Undergrad: 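Dropping a structure here in structure tokens format, bear with me for questions.
Both ligands and their constituent atoms are indexed starting at 1 by order of listing. Quick caveat, the model's predicted, so the values are computed rather than measured. Numbers here are sequence positions counted from 1.
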Amino acid sequence: MLVLGIETSCDETAAAVVRDGREIVSSVISSQIAVHKRFGGVVPELASREHLDKIVPVVNEAFERAQLKQQDIDGIAVTVGPGLVGSLLVGVSYAKAMAYALGIPFVGVNHIEGHIYSVAFENPPIEYPAEALIVSGGHTNIFFIPEPGKYKVVARTRDDAAGEAFDKVAKLLGLGYPGGPIIERLAREGDPKAVAFAIPRMGDGLPDFSFSGLKTAVTKHVRETGLTPVANGGEPSQGIKDLAASFQHVVVQSLVRTMDKIAREYYPRTLIVAGGVACNGKLREVCREMAEALELPVYFPSPHLSTDNAAMIAAAGTVKLLAGERSNLDLNADVTLRLQNIDLEEEAARRAGARYRL
Ligand code: KG4
Ligand code: ZN
């Protein structure tokens, strides 16, 4: 089965052709980083215009690289949410029009579910139940996945996403955008123990994350120590490198300790770590150590599949299409789409008057 994936939820216009949900025939990603860089973050209006400009050439290139014609594909998978509404609509409208013109099925895919399926390539098949940490610029969630397509959020961020914290800290240190890769590079030359940041914990004892306090702690440290942010691409001082390493250390510890705690409670058979922040080498290293201690396999996407791409959307969509799921032409973008369907079932059962669930 050949599926075309389309992803335009944020600042990457991407198209990919995937065979049987596991083999990438072609994958094209047009990044808008250069457009948004000078604003230090994604500007939604510019993002949607850029998607409009790029969607046709990007999809055409995906077919050219695959050496396939449009008529060769069996279905289309497109990101339907969550994301920026103007950006999502470009992909959704394009996918609908193409599916209609070709007379083939199409299906809307949750972007977060797409990130989970980014490990479907270049890894052994996922064994269920699985535990997945999805950590990007927009999301930081841990899911328990008892079987394919069933998701329960076990931990979530109460404020900023981890990637957002990397971006904001990089911005306040004058390091540029996106912050994750720059902080990771500087952290290699810094001392992670130089500044003792505390791992944020929730007062109510839930395993949730919080990263905005950490950003405030970094700001306070800069003010109190008189550290000078980097100006105009200058050479960062040792103090900045130490701060980058200490910040990265506490983010990684927060993510991995929670992952570990949940694994000991839920007994998954596979651990998954995906999303833009999963590019981070330190996070991968510490996750591997944790997985080894738990005697569990941990799967990461290859780095080009960690950040937003369309291959992961095609992989998730293939499972849906094979299960007979179809979207209609009235499909709309859903900016705040969630990926949790287990508690919802429990909620529905409660409402229906079921007192016990066996
Ligand atoms: O998945 P993604 O491309 O887009 C969203 O869905 O958000 O993730 C982008 C995020 C950015 O916040 C970026 O700073 C972060 O991933 N990121 C990293 C690294 N590479 C990208 N964070 C930490 N270390 C990295 N090496
Ligand atoms: Zn993403």
Undergrad: If only atom types and distance count, is the side chain of Ser87 paired as donor or acceptor with the main-chain N or O of Gly83 below 3.5 Å?
TA: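 Side chain of Ser87 to backbone of Gly83: no pair is present.
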Undergrad: Can you tell me which residue and heavy atom of the protein come closest to atom 24 (N) of ligand 1, and the distance to 0.1 Å?
TA: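 Ranked first by proximity to atom 24 (N) of ligand 1 is Asn280 ND2, 3.0 Å.
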Undergrad: State the atoms of ligand 1, each with its element, that fall below the 4.0 Å cut-off from a heavy-atom position in His115.
TA: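 In order of numbering, the contacting atoms are 1 (O), 6 (O).
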Undergrad: Show which atoms of ligand 1 fall inside a sub-4.0 Å distance from at least one heavy-atom site of Cys279.
TA: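 Numbered from 1, ligand 1 contributes 20 (N), 26 (N).
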Undergrad: Hey, can you pull the donor-acceptor pairs under 3.5 Å for the side chains in residues 35-43, sequence neighbours left out?
TA:
| unit_1 | atom_1 | unit_2 | atom_2 | d |
| --- | --- | --- | --- | --- |
| His36 | ND1 | Val43 | N | 3.1 |
| His36 | NE2 | Gln32 | OE1 | 2.7 |

Undergrad: Is Ile199 linked to Val169 within one hydrophobic cluster, defined over Ile, Leu, Val, Met, Phe, Trp and Tyr using a side-chain heavy-atom separation of less than 4.5 Å?
TA: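 Linked within one cluster.
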Undergrad: Any atoms of ligand 1 less than 4.0 Å from a non-hydrogen atom of Ser136? List them with their elements.
TA: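 Result: 1 (O), 5 (C), 6 (O), 7 (O), 8 (O).
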Undergrad: Any N/O/S of His111 under 2.8 Å from the Zn ion (ligand 2)?
TA: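 His111 does place an N, O or S atom closer than 2.8 Å to the Zn ion (ligand 2).
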Undergrad: Hey, is Asp167 touching ligand 1 through its side chain, its backbone, both or neither, going by heavy atoms under 4.0 Å?
TA: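 For Asp167, only side-chain atoms sit under 4.0 Å from ligand 1.
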Undergrad: Which atoms form the tightest heavy-atom contact between Asp242 and Asp191, and what is the distance?
TA: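 Heavy atoms only, the tightest pair is OD1-N, 2.8 Å.
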Undergrad: Please write down residue, atom name and distance for the protein heavy atom closest to atom 21 (C) of ligand 1.
TA: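 It is Gly276 O, 3.4 Å.
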Undergrad: When you measure from the side chain of Lys96 to the backbone of Leu331, do you find a donor-acceptor pair of N or O atoms at a distance under 3.5 Å?
TA: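 Checked: pair present.
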Undergrad: Tell me: protein heavy atom nearest atom 22 (N) of ligand 1, and distance?
TA: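 Going atom by atom, the protein heavy atom closest to atom 22 (N) of ligand 1 ends up being Gly180 CA, 3.3 Å.
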Undergrad: Could you check atom 3 (O) of ligand 1 against the protein and tell me its nearest heavy-atom contact, residue, atom and distance included?
TA: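 Minimum-distance protein heavy atom for atom 3 (O) of ligand 1 reads Asp308 N, 3.2 Å.
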Undergrad: Check whether any N, O or S atom of Cys10 sits under 2.8 Å from the Zn ion (ligand 2).
TA: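 No - counting backbone and side chain alike, Cys10 has no N, O or S atom under 2.8 Å.
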Undergrad: Salt bridge or not for Asp53 and Arg49, using N-O below 4.0 Å?
TA: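 So Asp53 does not pair with Arg49 through a salt bridge.
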Undergrad: Is there a donor in the side chain of Asn309 and an acceptor in the side chain of Glu7, or the other way round, less than 3.5 Å apart?
TA: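 No, no side-chain donor-acceptor contact under 3.5 Å.
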Undergrad: Mark up the atoms of ligand 1 that fall under 4.0 Å of a heavy atom belonging to His111, in ascending order.
TA: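 So the atoms of ligand 1 that pass are 6 (O).
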Undergrad: To the nearest 10°, how many degrees is the angle His115 NE2 to the Zn ion (ligand 2) to Asp308 OD1?
TA: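 The two atoms form an angle at the metal of about 100°.
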Undergrad: Could you tell me if Glu113 and Tyr151 have a donor-acceptor pair between their side chains, going purely by distance under 3.5 Å?
TA: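 Result is yes, a qualifying pair exists.
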Undergrad: I want to know if ligand 1 touches Gly137 in the polar sense, i.e. an N/O pair below 3.5 angstrom.
TA: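 Yes, there is a polar N/O contact under 3.5 Å.
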Undergrad: Strictly under 6.0 Å, is that where the ring centroids of Phe166 and Phe247 end up?
TA: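 Yes, ring centres under 6.0 Å apart.
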Undergrad: Would you please classify the geometry between the His139 ring and the His111 ring as parallel, tilted or perpendicular, with 30° and 60° separating the classes?
TA: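 The rings of His111 and His139 sit tilted, inter-plane angle from 30° to 60°.
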Undergrad: Check contact between Gln248 and ligand 1, using heavy atoms of the residue and a distance below 4.0 angstrom.
TA: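 It does not; every heavy atom stays at 4.0 Å or beyond.
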Undergrad: Report, in ascending order of atom number, the atoms of ligand 1 lying under 4.0 Å from any heavy atom of Gly138.
TA: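 Those of ligand 1 that fall under 4.0 Å from Gly138 are 7 (O).
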Undergrad: Is the closest heavy atom of Cys10 to ligand 1 under 4.0 Å?
TA: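 Checking ligand 1 against Cys10, which is what was asked, there is no heavy-atom contact under 4.0 Å.
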Undergrad: With a cut-off of 4.0 Å, which atoms of ligand 1 are near a heavy atom of Glu184?
TA: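 Per the distance check, 25 (C), 26 (N).
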Undergrad: Taking the basic N atoms (NZ, or NE/NH1/NH2) and the acidic carboxylate oxygens, is any pair closer than 4.0 Å for Glu235 and Lys241?
TA: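 The answer is yes: the pair qualifies as a salt bridge.
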